[in-house]
Amino acid sequence: YFKEIYRASVLCKTGVISLEEYKEQILRTLDSLLKAPVTTKEFVDSMRYMARYHLITNEQAMEYTQKYRAIHQQGAKQ
């Protein structure tokens, strides 16, 4: 997922895709990561690294981490 977002970042910086397409790609990739079979640690680490390398905002990292935890806590209760 990191590589997907990094690739989109490079494509945007080189003008291959627009900023709007880049933003859409980020959201699609983060939504896919929410559903991916990864551990909580892997998910949180991915968010941390993407934010650290400025591929996503800190706000996006927090928002998606909260979504991930909500989804997986709900799944654990069922």
Side-chain angles (χ1 to χ4, degrees):
Y1 298 92
F2 181 93
K3 287 179 184 180
E4 268 184 55
I5 290 181
Y6 179 77
R7 179 179 171 275
S9 171
V10 171
L11 292 174
C12 182
K13 288 176 184 175
T14 58
V16 175
I17 63 173
S18 69
L19 182 58
E20 195 58 40
E21 290 170 310
Y22 173 64
K23 289 177 183 180
E24 290 172 11
Q25 180 63 37
I26 287 174
L27 295 179
R28 278 195 304 272
T29 302
L30 292 176
D31 287 339
S32 293
L33 183 55
L34 281 175
K35 301 170 191 160
V38 296
T39 66
T40 300
K41 181 182 180 343
E42 290 169 325
F43 185 90
V44 171
D45 286 348
S46 293
M47 292 290 106
R48 185 176 296 127
Y49 290 125
M50 285 186 244
R52 179 180 295 160
Y53 292 102
H54 306 287
L55 300 174
I56 63 173
T57 65
N58 287 330
E59 291 79 16
Q60 285 172 313
M62 286 188 297
E63 174 187 348
Y64 275 85
T65 299
Q66 289 171 347
K67 285 182 181 182
Y68 179 87
R69 289 189 171 137
I71 290 168
H72 289 80
Q73 284 176 351
Q74 184 180 49
K77 292 178 183 178
Q78 293 178 354

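- Residue Tyr68 comes nearest to Thr39 through the heavy atom pair OH-C, 3.4 Å, listed as atom of the first residue, atom of the second, then distance.
- Within the model, atoms CG of Asp31 and NZ of Lys67 stand 6.0 Å from one another, a figure rounded to the nearest 0.5 Å.
- A distance of 12.5 Å separates CG of Leu34 from CZ of Arg69, quoted to the nearest 0.5 Å.
- The hydrophobic clustering, which links ILVMFWY residues whose side-chain heavy atoms are closer than 4.5 Å, places Val38 and Met62 apart.
- Tyr6 does not carry Lys3 over the face of its six-membered ring by the limits of under 6.0 Å from the centre and within 45° of the normal.
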field: Trace of the salt bridge (Lys or Arg N to Asp or Glu O under 4.0 Å) decision for Asp45 with Arg48
entry: CA-CA 5 Å; Asp45 286 348; Arg48 185 176 296 127; 3.0 Å; yes
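- Shortest non-hydrogen contact noted between Leu55 and Ile26 is O-CD1, 3.5 Å.
- Tyr49 is connected to Tyr1 through a chain of hydrophobic side-chain contacts under 4.5 Å among Ile, Leu, Val, Met, Phe, Trp and Tyr, so both are in one cluster.
- Judged by distance alone, with hydrogens and angles left aside, the side-chain atoms of Ser46 form a donor-acceptor pair with the main-chain N or O of Glu42 at under 3.5 Å.
- Atom CZ in Phe43 sits 4.5 Å away from atom CG in Leu33 (nearest 0.5 Å).
- Looking at heavy atoms from C-beta onward, Met47 lies in side-chain contact with Leu30 at the 4.5 angstrom threshold.
- The environment of Lys23 atom NZ is sparse: at most 12 non-hydrogen atoms of other residues, nucleotides or ligands sit within 6.0 angstrom.
- Listed here is the closest heavy atom pair of Gln25 and Ala8: CG-CB, 3.7 Å.
- Atom CZ of Phe2 has more than 12 neighbouring heavy atoms from other residues, nucleotides or ligands inside a 6.0 Å radius.
- For the pair Ile5 and Met50, the tightest heavy-atom approach, listed with the atom from each and the gap, is CD1-SD, 3.3 Å.
- Rounding to the nearest 0.5 angstrom, the gap separating the CG atom in Leu27 from the OG atom in Ser32 is 11.0 Å.
- Listed here is the closest heavy atom pair of Thr57 and Ala51: O-CB, 4.4 Å.
- Taking a 6.0 Å sphere around CZ of Arg7, one finds it holds 12 or fewer heavy atoms contributed by other residues, nucleotides or ligands.
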